[in-house]
Amino acid sequence: MNAEPVRVHVLTLGGTIAMTARDAGQGVVPALDAADLLASLPAAPAGVHLSHGDFRRLPGAHLTLPDVVDLRAEIDRSAARGCDGVVVTQGTDTLEETAFALDLLGSGDTPVVVTGALRHPGRPGSDGPANLLDAVRVAASEAAVGTGVTVVFNGEVHSARYVQKRHTERPSAFASPGLGPLGWVTEDRVRIPLRPARVPPLPLPAPAGPAPVALVTAVLGDDVRLLPHLPDLGYEGAVLAGFGAGHLPARTVADAEALAARIPVVLASRTGAGELYRNTYDFPGSERDLLARGLIGAGAVSPLKARVLLSLALGAGLSRAAVAAACDALSA
């Protein structure tokens, strides 16, 4: 007797993988739908039944966190209908943030795989079909069950928690600094020897949606004079991407402390890799000083992802202590 096929649902959001030029000589725009993308595959992997849906058709830069919250609900509905795995295609501009948000909001063991392309279908060596085929293979694989949301590019399987886009155009743009990929795809085989510890999902945001959160990066010689004005501009939280292990210029310390008294402020490292220090340096604007003034340490969570986490957490009504605990858990 033949085994039941593995059911994988493909949801498309647009992005480079779905872009073509409407007229000769013009730039590309999102134009291909899910059926077009699946038609680019030579065939579905053996034993896999593919279904599809068009969720959005936008450049990655146009997506919003409310879009991602709605996408998470659609993924959960697909799983409830009996899909064994879900693939999401989108633009690479915001892909690491989308994947991380989906992972934060996700529960259950159904594999969810996010992919896209660095080279659109009209360019030589377009990587979209290969990435999509690998993503389907991962979503259909028992090895991916229970791994959380993963990102598949260039034959590698990355955790949404750690992956970053590190280049503007190379097919190898996605990497996980300090960790490396969880696994890889070779021919039709999926290997995932590393499995990150799972953390409890965040509750979904209230009907008002994710909270507005500012991301401010410290740079040489800047006094970050906009900090006192963030609450008046409607921001309900802020992420400060500090130097090195979590430092700010001395002239910003008073404003950072005053801001943290008004709204939750997460301190992350602008380096994008490594864990924020807690107890090493002790000069004004050091990590010890800033954490003592009420800022929340991001741990190993990058600034981009800390902003996603804080926005979703505040939108769900979570406390500062819960945000700090989530950062710590995601750094384990």
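- Using a 4.5 Å heavy-atom cutoff, the side chains of Cys83 and Thr110 are not in contact.
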Exercise. Could you give me the CA-CA distance, side-chain angles and deciding distance for Thr12 and Asp33, then say whether side chain to side chain contact (heavy atoms under 4.5 Å, CB included) is met?
Key: CA-CA 7 Å; Thr12 60; Asp33 60 17; 5.6 Å; no
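- Considering Arg72, Arg56, Gln90 in turn, Arg56 is the only one that fulfils the side-chain hydrogen bond (donor to acceptor under 3.5 Å, both in side chains) rule with Asp67.
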Quiz prompt | Trace of the ring-ring contact (aromatic ring centres under 6.0 Å, His included) decision for His247 with Phe283 | solution = CA-CA 9 Å; His247 305 149; Phe283 54 82; 5.0 Å; yes
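- The OG1 atom of Thr98 sits 12.5 Å away from atom CG of Asp103, with the distance rounded to the nearest 0.5 Å.
- Counting heavy atoms from C-beta outward, Leu310 and Val265 have side chains that stay 4.5 Å or more apart.
- The other members of the hydrophobic cluster of Met19, by chain and number, are Val28 (side-chain heavy atoms under 4.5 Å, ILVMFWY only).
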Exercise. Report the C-alpha separation of Leu95 and Val163 in whole Å, then their side-chain angles, then the decisive distance to 0.1 Å, and conclude whether the side chain to side chain contact (heavy atoms under 4.5 Å, CB included) test is met.
Key: CA-CA 9 Å; Leu95 189 145; Val163 73; 5.6 Å; no
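- A heavy-atom distance below 4.5 Å is not found between the side chains of Leu133 and Ser40.
- The closest side-chain heavy-atom distance from Thr89 to Leu11 is not below 4.5 Å.
- Of the possible polar contacts, none joining the Ser141 side chain to the Val138 backbone as a donor-acceptor pair under 3.5 Å is found.
- Note on Leu13 and Leu118: same hydrophobic cluster, where clusters join Ile, Leu, Val, Met, Phe, Trp and Tyr whose side-chain heavy atoms are under 4.5 Å apart, directly or indirectly.
- Put simply, CD on Glu287 and CG on Asn279 are 7.5 Å apart, with the number rounded to the nearest 0.5 Å.
- Under the 4.5 Å side-chain criterion, counting only non-hydrogen atoms from C-beta, Pro129 is not in contact with Leu132.
- Val8 and Val112 fall into different hydrophobic clusters, where Ile, Leu, Val, Met, Phe, Trp and Tyr are joined by side-chain heavy atoms under 4.5 Å apart, directly or via other members.
- For the residue pair Ser172 / Asn154, no side-chain donor-acceptor distance below 3.5 Å is found, with atom types taken as modelled.
- Ion pairing of Arg225 with Asp255 is absent here, as no side-chain N (NZ or NE/NH1/NH2) approaches a carboxylate O to less than 4.0 Å.
- A donor-acceptor pair is defined here as one N or O able to donate and one able to accept, closer than 3.5 Å; such a pair exists between the side chain of Thr115 and the backbone of Val152.
- With a 4.5 Å cut-off on side-chain heavy atoms, Phe100 and Ser302 do not count as touching.
- In this structure, Arg7 contributes its side chain and Gly85 its backbone to no donor-acceptor pair below 3.5 Å.
- Considering only heavy atoms from C-beta on, Ile296 stays 4.5 Å or farther from Leu267 through its side chain.
- Shown here for Ala256 and Leu295, the closest heavy-atom pair between the two residues is O-CD1, 3.9 Å.
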Quiz item: After noting the C-alpha distance and the side-chain angles of Leu230 and Leu226, does the key distance pass the side chain to side chain contact (heavy atoms under 4.5 Å, CB included) rule?
Solution: CA-CA 7 Å; Leu230 293 178; Leu226 59 81; 3.7 Å; yes
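- Separation of atoms OG1 (Thr92) and CD1 (Ile17) is listed at 10.5 Å; rounding is to 0.5 Å.
- Checking side-chain atoms of Ser269 against main-chain N and O of Ala245 turns up no donor-acceptor pair under 3.5 Å.
- At a cut-off of 3.5 Å, with distance as the only test, a side-chain donor of His9 or Ser51 sits close to an acceptor on the other residue.
- Between Arg119 and Asp127 no salt bridge is recorded (no basic side-chain N to carboxylate O distance below 4.0 Å).
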Practice problem: Using the salt bridge (charged side-chain N to carboxylate O under 4.0 Å, His left out) rule, take Arg251 and Asp222 through it: C-alpha gap first, then chi angles, then the decisive distance, then the call. | Solution: CA-CA 9 Å; Arg251 66 179 68 87; Asp222 189 14; over 6 Å; no
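- Nearest heavy atoms, Ser159 versus Pro196: OG-CG, 4.0 Å.
- The pair Asp188-Arg137 does not meet the salt-bridge criterion, since no charged nitrogen lies less than 4.0 angstrom from a carboxylate oxygen.
- Put simply, the side chain of Ser78 gets close to the backbone of Glu74: a donor and an acceptor are under 3.5 Å apart.
- Here the OG1-CZ distance, from Thr280 to Arg288, works out to 8.5 Å after rounding to the nearest 0.5 Å.
- Alongside Val145, the hydrophobic cluster contains no other residue (criterion: ILVMFWY side chains under 4.5 Å).
- Residues Tyr162 and Pro181 form no side-chain contact, since every pair of their non-hydrogen atoms from C-beta on lies 4.5 Å or further apart.
- Residues Arg320 and Ala260 share a closest heavy-atom pair of NH1-O, 2.6 Å.
- Among the candidates Leu330, Val149, Val68, Val199, the single residue satisfying the side chain to side chain contact (heavy atoms under 4.5 Å, CB included) test with Leu104 is Leu330.
- Leu102 pairs with exactly one of Val69, Val86, Val114 by the side chain to side chain contact (heavy atoms under 4.5 Å, CB included) rule, that one being Val114.
- Here the closest heavy-atom approach between residue Pro205 and residue Pro210 is recorded as CB-N, 3.9 Å.
- Of the inter-residue distances, the one linking Leu314 atom CG with Tyr235 atom OH reads 14.0 Å to the nearest 0.5 angstrom.
- For the pair Lys165 (side chain) and Thr94 (backbone), a donor-acceptor distance under 3.5 Å is absent.
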Self-check item: Audit row: His158, Glu156, side chain to side chain contact (heavy atoms under 4.5 Å, CB included) steps and yes/no
Solution: CA-CA 6 Å; His158 293 268; Glu156 295 180 337; 3.0 Å; yes
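- A distance-only check finds no donor-acceptor pair linking the side chain of Ser126 to the backbone of Arg123 [under 3.5 Å].
- Taking the centre of each ring, Phe174 and His167 stay at or above the 6.0 Å mark.
- A donor-acceptor pair under 3.5 Å is formed between the side chain of Ser331 and the backbone N or O of Ala300.
- Nearest heavy-atom pair, Leu290 versus Gly246, reported as atom, atom and distance to 0.1 Å: CD1-O, 3.8 Å.
- At a threshold of 4.0 Å, the pair Arg278-Asp328 counts as salt-bridged, since one of the basic side-chain nitrogens sits closer than that to a carboxylate oxygen.
- No path of Ile, Leu, Val, Met, Phe, Trp and Tyr side chains, each step under 4.5 Å between heavy atoms, connects Phe243 with Val216, placing them in separate hydrophobic clusters.
- Proximity of a side-chain donor or acceptor of Thr252 to a complementary backbone N or O of Pro249 within less than 3.5 Å is detected.
- Hydrophobic clustering of Ile, Leu, Val, Met, Phe, Trp and Tyr side chains at less than 4.5 Å, counting indirect connections, unites Leu233 with Leu259.
- Residues Leu179 and Val301 do not share a hydrophobic cluster, clusters being chains of Ile/Leu/Val/Met/Phe/Trp/Tyr side chains in contact below 4.5 Å.
- Here the closest heavy-atom approach between residue Val266 and residue Ala298 is recorded as CG1-CB, 3.7 Å.
- Of the possible polar contacts, none joining the Glu97 side chain to the Lys305 backbone as a donor-acceptor pair under 3.5 Å is found.
- Atom OH of Tyr281 and atom CG of Asp289 lie 15.0 Å apart (nearest 0.5 Å).
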